[in-house]
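Here's the structure, in structure tokens; my notes come after.
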Amino acid sequence: MSWLPLSFGAPMVLWGLLALPVIWWLLRLTPPKPQTEVFPPLKILARVLRREETPQQSPWWLTLLRLLMAALVVMALAEPVFNPREKLPAEGSALALVIDNSWASAADWGKRVATAERLIADAGSNGVPIVIAFTAEKPNAEIGPFDASAALDHLRAAKPRPIPTDRPAVYARVAAALERLPGASVAVLADGLAAKGDEAAFKTLLEKNAKRLVWANSDRPSVTGLTSADNQVDGFALTAIRAPGNPAPAQVTAGAFDDKGRRIADATLTFAPGEAAATATMAVPFELRNDFASIALDGEHQAGAVRVLDESSKRRRVGLLSQAEADQAQPLLSPLYYIRRALQPFADLVEPSSADLADAIPQLLDQKPAMIIMADVGTIPEQVRQRLVDWVDKGGTLVRFAGPRLAAAGNDDDLLPVRLRSGERALGGALSWTTPQAVTEFPKNGPFADLSPPSEVTVSRQVLAEPTPDIVERTWATLADGTPLVTGMKKDKGTLVLFHVTPEATWSNLPISGTFVEMLRRVVQLSRNQGAAIANAEATAASLAPYRMIGADGMLTPPSPDARPLVPGAGPLPVTLENPPGLYGSETGVFAHNLLEASSTFAPLVRPQISLPVTAIPYAFDESENLKGPLVAVALLLMALDTLAVFWMGGLLARRPRRAAAATTAAVLVVLGGLFGHADLARADDSKPGDAQAIDDISKTRIAYVITGEPGVDSISRAGLEGLTRFLIEKTALEPGPPAGVDIAKDELSFFPLIYWPIDASAPMPSQAAIARIDAYMQQGGTVLFDTRDQFSNGIGAGSASPATERLRDILANLNVPPLEPVPSDHVLTKSFFILPEFPGRFSGSPLWVEASLDASNTENRPVRTGDGVSPIMITANDFAGAWAVDENGDPMLPTVPPDPMQRVYALRAGVNIMMYMLTGNYKSDQVHVPVLLERLGQ
């Protein structure tokens with residue numbers, strides 16, 4: 001951009017300003033037509049002896065007006081530009097414009113388009129053809145060459161895609177197009193992130209036919225991505241990444257959303273200075289974590305900041321059952337030892353307190369597990385057997401391991417996938433002709449099809465299955481001699497699985513191998529929390545239709561016409577235009593296909609080291625403004641004023657009333673003052689800093705909340721007061737303004753009738769000066785609503801108190817607090833708008849404390865308490881803001897405890913009563929005097 005704030009497209013036209021003296025001389029030489037008037041005869045006789053005079057020159061102000069008009073016309077013809085930009089290097093035989101429209105460019109796509117438009121405009125002014133290509137489009141997309149108009153059409157039709165770039169393929173196509181246009185300027189508008197094959201791609205693009213490189217790239221990419229969201233034992237473990245080498249610390253907030261888009265949890269990830277990765281744990285209950293459908297980073301409007309979740313991210317509750325007593329001295333011999341170690345990272349394990357199967361099985365079923373594992377359990381007691389069968393039929397997954405007890409028990413067609421031969425088979429013993437058998441390739445029709453057979457695993461004992469026509473279909477793993485190692489089958493909505501070896505390393509070394517962990521993980525995924533199984537054998541072999549896609553801006557959208565079915569397979573699946581990130585499947589079950597992998601990293605794109613001339617430009621909007629139109633408009637306005645002045649001097653306006661002439665003169669002066677007097681008016685402004693905010697605060701009734709410094713607390717406070725404001729507008733005649741967050745140490749408090757103060761023990765303790773300002777606010781008629789947000793608190797005077805209540809006591813110790821009491825049943829607060837016996841919030845049970853009415857009398861006959869003023873203080877522990885808080889769609893953000901929908905309604909009604917009480921005072925207490933007043937008026 002030029003250092004001058006003004007430039008001209010045709011500066012030679014400015015020589016026309018030299019004609020202004022000639023125009024001035026002509027205007028002085030040729031005055032306007034003299035004014036003529038019709039006089040009465042007597043007036044003519046009175047002036048007959050006078051010498052007739054003719055004006056020698058026009059008035060000075062009319063001459064100045066015409067000179068200014070001429071100067072404006074000359075300057076407009078010179079095409080002036082305010083805040084001009086430098087002309088970009090777009091010369092040569094052609095301009096090759098290569099633009100990254102990947103997911104990383106979505107956040108500032110508008111700036112990239114504006115930069116490309118300037119390059120195309122300059123190339124069009126030079127008359128050179130334009131080759132334009134995008135690195136995240138179809139490989140057969142047309143790239144030109146085009147003229148400037150067609151290139152602009154292609155640019156404006158393009159949009160960012162939620163996929164990585166494919167620079168090698170696109171750069172090769174552009175290089176082939178430049179073979180017919182040698183000596184072209186190449187403009188690279190990159191997304192700032194390095195990718196595989198960049199060095200070879202730049203070499204292909206620039207080494208032959210390029211004359212100049214125009215490089216537009218951010219020095220340090222500002223994107224942040226979410227690489228993993230693992231559902232672990234204590235919560236969701238999140239990992240976010242950014243470009244390395246950033247010296248500034250940073251914090252990002254991640255939010256978890258359910259399948260309806262409601263935010264149900266959040267966590268904060270902190271990047272240390274210079275660090276490229278940040279981790280955090282979203283610690284929420286197990287049941288709530290299973291409702292997560294997606295996790296996104298706040299403020300990052302791009303696909304890399306979103307991760308969609310499928311059933312594999314939901315933790316299952318797995319019940320463990322064994323008839324063998326564990327030996328504490330030898331834990332490795334416990335039947336459940338290796339199972340616990342294998343399942344603990346991705347499942348919640350529950351075990352019964354009783355060893356009796358008649359008691360243990362109902363205890364497990366009462367906890368509603370997705371899967372039950374039985375380690376060498378023989379005969380199932382009849383009194384609980386049918387309940388276990390019903391659980392499997394309704395969607396449960398039963399996994400059984402063989403052992404001496406199962407081998408000695410009879411067949412059970414309802415709880416085993418295959419019929420078994422009695423006894424067990426020994427392999428490789430002293431009296432056996434056979435040797436221990438290895439595991440062969442896993443069958444293609446089973447859930448272990450993509451696993452490699454473990455070469456180190458051998459089996460020395462097993463229980464054999466009876467050969468039946470369907471034994472092959474039910475075999476999920478086999479030994480080298482063809483006998484089954486794992487069998488399974490679907491039973492109604494559930495699944496039965498049998499490992500033909502023990503779960504400890506006595507019959508086989510399978511339990512101590514890594515394959516054992518993967519096999520159990522696949523079986524757990526089959527359980528699907530008793531839901532649909534998208535990872536079963538049929539689904540893994542088939543393609544999954546696109547269901548919900550992640551757009552380039554990070555929003556979930558319907559599938560585009562370019563999306564194709566996805567075939568899940570082993571290892572990470574590539575993200576392409578045909579398989580963009582998102583959910584694949586249907587409403588019955590989905591497969592999550594995310595953009596970033598757990599091992600992904602961001603590396604800044606480095607400008608290639610070449611011998612060509614390089615011009616670096618920033619991404620920016622075009623801030624230059626053509627002044628030709630405004631100057632022509634002002635010249636036309638001055639021409640209109642000149643015409644009015646000529647009419648006035650010629651007497652055409654003389655017959656108008658004097659008042660109309662005065663009004664016309666005033667209008668002319670106002671217009672001229674508007675053209676030339678802005679600076680003087682600005683200097684006459686005597687406003688002070690903060691006056692606009694003060695006027696805005698008092699223009700409407702607004703509810704304020706105290707900014708505690710804790711982001712989570714402050715966001716809930718604002719959302720809660722916004723929800724209460726909406727309810728007030730819907731239910732009452734009051735239309736409050738948006739809620740205001742106040743710093744009690746600095747901001748003016750007297751503008752707000754009510755200040756909501758959420759007490760948080762982790763927030764900094766207010767200073768004595770701030771507390772003194774609160775005390776003065778309360779003494780001057782304001783009210784502070786303190787909310788400890790702890791339903792288990794026994795009140796401000798209890799012996800045992802929560803940390804929030806302790807902090808409230810420290811604050812109240814420095815205030816002039818009047819005596820307090822819970823809101824009585826006849827208080828104005830119970831009747832100011834709604835009839836309310838209590839004041840619940842998100843919690844229910846804590847009273848609302850107000851100033852005590854110590855001088856109340858004759859309460860039996862009074863509908864309200866006495867007292868002229870309003871209580872300056874209110875205290876509750878029911879978390880009012882949590883109950884009032886709503887999101888942008890008006891949906892509640894936090895659940896009530898207990899989950900009663902009417903409790904939220906009562907909480908909002910309590911807020912309405914508090915606001916009406918604040919704005920009207922004890923006006924209802926005067927209603928008891930109405931009969932006496934009417935009687936006196938009658939007298």
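Keep in mind it's a predicted model, so treat the numbers as computed, not measured.
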Under 3.5 Å: donor-acceptor pair, side chain of Glu748, backbone of Ser750: yes
Gln302 side chain vs Ala305 backbone, donor-acceptor pair below 3.5 Å: yes
Expected output: side-chain Tyr547 to main-chain Pro558 donor-acceptor under 3.5 Å: no
CA sep, side-chain torsions, deciding dist, call: Asp291, Ile264, side-chain contact (heavy atoms from CB on, under 4.5 Å): CA-CA 9 Å; Asp291 290 336; Ile264 53 180; 4.1 Å; yes
Test log, rule side-chain contact (heavy atoms from CB on, under 4.5 Å), inputs Val912 and Met915: CA-CA 5 Å; Val912 171; Met915 279 303 298; 5.9 Å; no
Test log, rule side-chain contact (heavy atoms from CB on, under 4.5 Å), inputs Tyr917 and Val870: CA-CA 7 Å; Tyr917 171 63; Val870 175; 3.3 Å; yes
Spacing of OG belonging to Ser832 relative to CZ belonging to Arg909, to within rounding of 0.5 Å: 13.0 Å
Within 6.0 angstrom of Met555 CE, more than 12 heavy atoms from elsewhere: no
Donor-acceptor contact present, side-chain Thr920 to main-chain Met916, <3.5 Å: yes
Any donor-acceptor N or O pair under 3.5 Å, side chains Asp760, Thr708: no
Student check: side-chain heavy atoms of Leu829 and Val850 closer than 4.5 Å: yes
Point-to-point distance, once rounded to the nearest 0.5 Å, from CD1 of Ile811 to CD1 of Ile744: 7.0 Å
Residues which pass salt bridge (charged side-chain N to carboxylate O under 4.0 Å, His left out) with Arg726, listed by chain and number, not counting sequence neighbours: none
Leu288 CG to Met282 CE distance, which is reported to the nearest 0.5 Å: 10.0 Å
Worked check of side-chain contact (heavy atoms from CB on, under 4.5 Å) between Thr701 and Phe752: CA-CA 7 Å; Thr701 300; Phe752 309 103; over 6 Å; no
Heavy-atom donor-acceptor pair, Gln903 side chain to Gly841 backbone, under 3.5 Å: yes
Salt bridge (Lys or Arg N to Asp or Glu O under 4.0 Å), paired with Arg263, selected from Asp298, Asp258, Asp887: Asp298
Distance-minimising heavy-atom pair for Pro847 and Pro822: CB-CB, 3.9 Å
Arg242 side-chain N/O to Glu275 backbone N/O, donor-acceptor pair under 3.5 Å: yes
Pairing residues for Phe786 by the ring-ring contact (aromatic ring centres under 6.0 Å, His included) criterion, not counting sequence neighbours: Trp757
Arg807 side chain vs Ser762 backbone, donor-acceptor pair below 3.5 Å: no
Any residue meeting side-chain hydrogen bond (donor to acceptor under 3.5 Å, both in side chains) with Arg842, in chain and number order, not counting sequence neighbours: Asp879
Test item: Thr281 side-chain N/O and Ala283 main-chain N/O as donor-acceptor pair under 3.5 Å: no
Min side-chain heavy-atom separation Thr876-Trp849 under 4.5 Å: no
Exam field: side chain Trp884 to backbone Ala907, donor-acceptor pair closer than 3.5 Å: yes
Glu851: partners by salt bridge (charged side-chain N to carboxylate O under 4.0 Å, His left out), with sequence neighbours left out: none
For the student: nearest non-hydrogen atoms of Phe880 and Pro840, plus distance: CE2-O, 3.4 Å
Nearest atoms (heavy-atom pairs only) where Ala280 meets Thr268: CB-O, 3.3 Å
Short side-chain donor-acceptor distance under 3.5 Å, Asp790 and Thr788: no
Residue list, ring-ring contact (aromatic ring centres under 6.0 Å, His included) with Tyr756, at least two apart or on another chain: none
Side chains of Leu812 and Ile875 in contact at under 4.5 Å (non-hydrogen atoms): yes
Proximity of Phe236 and Phe292 rings by center, below 6.0 Å: yes
Side chain to side chain, Thr725 and Pro739, heavy atoms closer than 4.5 Å: yes
Salt bridge (charged side-chain N to carboxylate O under 4.0 Å, His left out) against Arg718, all qualifying residues, sequence neighbours excluded: Glu722
Which atom of Arg702 lies closest to which atom of Gly737, heavy atoms considered: CG-CA, 4.1 Å
Interatomic spacing from CZ in Arg307 to OG1 in Thr239 - rounded to 0.5 Å: 9.5 Å
Interatomic spacing from CZ in Arg262 to CG in Asn889 - rounded to 0.5 Å: 11.0 Å
Met549 versus Leu583, closest heavy-atom pair with distance: CE-O, 3.2 Å
Smallest separation among heavy atoms of Tyr705 and Ser717, with atom names: CD1-CB, 3.8 Å
Separation of Leu238 CG from Asp266 CG (nearest 0.5 Å): 10.5 Å
